[in-house]
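Atoms within each ligand, like the ligands themselves, are counted from 1 in listed order.
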Amino acid sequence: MSILVTGASGFLGSHLVEHLCISGAKHLRCFVRPSSDLAKLNELRDKYPSTHLQYVVGNLLSLTDAYRAMEGIEVVYHLAAEMKGTAPTVFANTVVASRNILEAIVMQRVRRVVLVSSICVYGVAHLPRATVVTEDTELETQPERRDAYAFAKIRQEKLFQQYRRNHSFDLVILRPGVIYGEGRAELPSRAGLRLGPLILQIAAQNRLPLTYVSNCVTAVALAGLSLPEGSYNVVDENSPKAAEYVRLYRSLVEKITSVRLSRSSVLLLAHIFSRCVALSKGQIPAVLTPYQIKSTWGGHRFSNERLRAAGWNPRASTAEGILRAFQASNCPTQPRKTRQAVMVPPPSPLASSEN
Ligand SMILES: NC(=O)c1ccc[n+]([C@@H]2O[C@H](COP(=O)([O-])OP(=O)(O)OC[C@H]3O[C@@H](n4cnc5c(N)ncnc54)[C@H](OP(=O)(O)O)[C@@H]3O)[C@@H](O)[C@H]2O)c1
C-alpha cells in the first residue's frame, strides 16, 4: 500500500511516521517543505531501515507540488496545517493547502483519505456546561466569530466533506482534543492564558480534552486502515481538571505563577472589551470575544465512544502520558518529583473528557 503523510515533519506527523514504520510499512512518502526541520524524520529513516522513507519537498500552496506528491498514492494522511501565526497564514496553510490536496486526490484517484481535524470545529458556544459533545453535534455555523485557527479548521473540514460528496474516495475525519506528549508539554490555552511567567487560569474546574500523542497516532493509523467512513473524536479518558494539570506542570516542569479567574469574570471583561472594540470602530482588534470564551472554556465534554466502539485502544493512561510528557520536557527546570507525585484522576463514567 502506498501512503502519503502531509505534515510529516510536525509534532503529530513525526509520531505517525514512527508508528507506521513500527507497524511494518514498506514505503512511506512524507511531504515536507524546503524549510522543514528533518532531524526527527532522518532519525526515523536510520532507525527503521526496512521502511523506505521518501521525502517529497515542496509546498502545499502549490497545486503542482500537491499533484507530484500524490502520484501513485492509495492512502493519504492529511495532517499539514498552521496552528499559529497571522490569520492569512493560518488560512493559507490550512484551507488553501487543503484545497490543493483535494484537487490532487481527485486527479490521482486516491482510494482513502484521513483528515486530522480538531474538536474545535463544533459549534458549542450556546451549549450548556457539561454537555457531552458527540460526532453528531452540529459543526460551528458562525466560524467568523471564532479565532483564526478554529475558523480555518472549520473551513478545512467543510471543504473535505464537500469534495467527498462530489467524488468517490473514502473519507475518515479525526477530531483530536489537545495533543500533548514528549516534546510538546506546553500549557494549552484551554488550561489558561500564558503571559510570560504568569498563567491566567480560566475555568480551572473544567476537564481538559487531552489526547496523548501515542494514543492519538494509534487512532490516526487505524483510520487509514480499517475505520468505517465518518468522523471520530479523539480524546483520552480520565482527563485532569485544568487546575490539576497546571499544578502538575508547575511541580514537574516549570515554576510559573498562576492566577485563577472565574469564567463569569472573564466573560464580563470580554463584554466590556467588546464594547470598547465597537466604540473604536475597528481600531482595537477584537481578540478574545465572549463567543470565543464560551466556545473554548464552556466546560463541555467530548465523547470518544464512537472511536472506542470501532476498536481504538489508547496505549497509555492519561496519568502515564502526562508524567512522560512533563518529565521529558526541555524546560530549564527539570523534573523534581517522582512517579507517585502524579495524581490519577478518578475514572469517568462517561468514558469522555471535558474541556
Ligand atoms: N497539536 C494539537 O493539539 C492539535 C489538536 C487537534 C488537531 N490538531 C491538528 O493536527 C495536525 C498536526 O498538528 P501538529 O501539532 O503536528 O502541528 P505542527 O507540529 O505545527 O505541524 C504542522 C505541519 O504542517 C506542515 N505545513 C504547514 N503548512 C504547510 C504547507 N503550506 N505545505 C506543506 N506542509 C505544511 C508543517 O511543515 P513545517 O515542518 O515545514 O512547518 C508541519 O509539518 C494539524 O492539522 C492540527 O490542526 C492538532
Provide the number and element of each atom of ligand 1 under 4.0 Å from a heavy atom of [X].
X: F31; result: 33 (C)
X: V178; result: 3 (O)
X: F11; result: 16 (O), 19 (O)
X: L79; result: 11 (C), 12 (C), 44 (C), 45 (O)
X: G10; result: 16 (O), 19 (O), 21 (O), 42 (C), 43 (O)
X: A80; result: 24 (O), 25 (C), 26 (N), 34 (N), 35 (C)
X: G177; result: 5 (C), 6 (C)
X: L60; result: 30 (C), 31 (N), 32 (N), 33 (C)

Is there a donor in the side chain of [X] and an acceptor in the side chain of [Y], or the other way round, less than 3.5 Å apart?
X: K158; Y: Q161; result: no
X: Y212; Y: E320; result: no
X: T318; Y: D236; result: no
X: T94; Y: E82; result: no
X: N59; Y: D65; result: no

Does some non-hydrogen atom of [X] fall short of 4.0 Å from ligand 1?
X: T6; result: no
X: S117; result: yes
X: C120; result: no

Nearest non-hydrogen protein atom, [atom]:
atom: atom 39 (O) of ligand 1; answer: S9 OG, 2.7 Å
atom: atom 23 (C) of ligand 1; answer: G7 CA, 3.6 Å
atom: atom 17 (O) of ligand 1; answer: M83 SD, 3.6 Å
atom: atom 10 (O) of ligand 1; answer: V116 CG1, 3.3 Å
atom: atom 40 (O) of ligand 1; answer: S36 OG, 2.6 Å
atom: atom 36 (C) of ligand 1; answer: R33 NH2, 3.8 Å
atom: atom 22 (C) of ligand 1; answer: A81 O, 3.4 Å
atom: atom 4 (C) of ligand 1; answer: I179 CD1, 3.4 Å

Subject >> Centroid-centroid under 6.0 Å between H78 and F160 rings >> reply: yes
**OP:** Verify whether the ring centers belonging to F11 and Y180 lie closer than 6.0 Å.
**Re:** no
Subject >> Option of least heavy-atom distance to atom 20 (O) of ligand 1 (set: R184, K84, Q156, R190) >> reply: R184
**OP:** Tell me which one of N59, I101, D37 gets a heavy atom nearest to atom 31 (N) of ligand 1.
**Re:** N59
**OP:** For ligand 1, find out whether one of its N or O atoms is nearer than 3.5 Å to an N or O atom of L12.
**Re:** yes
Subject >> Partner residues of D170 under the side-chain contact (heavy atoms from CB on, under 4.5 Å) criterion, sequence neighbours left out >> reply: R112, E229
Original post:
Got more than 12 heavy atoms from elsewhere within 6.0 Å of CZ, R109?
Top reply: no
Do the side chains of [X] and [Y] get close enough for a salt bridge, i.e. N-O under 4.0 angstrom?
X: R306; Y: D136; value: yes
X: E237; Y: R308; value: yes
X: K40; Y: E18; value: yes
X: R145; Y: E140; value: no

Original post:
For ligand 1, is any non-hydrogen atom under 4.0 Å from K153's backbone (N, CA, C, O), its side chain (CB onward), both, or neither?
Top reply: side chain
Original post:
Does Y149 approach ligand 1 within less than 4.0 angstrom via side chain, backbone, both or neither, non-hydrogen atoms only?
Top reply: side chain
Original post:
What do the steps show when you test R194 against E186 for salt bridge (charged side-chain N to carboxylate O under 4.0 Å, His left out), and what is the final call?
Top reply: CA-CA 10 Å; R194 183 78 195 254; E186 301 137 18; over 6 Å; no
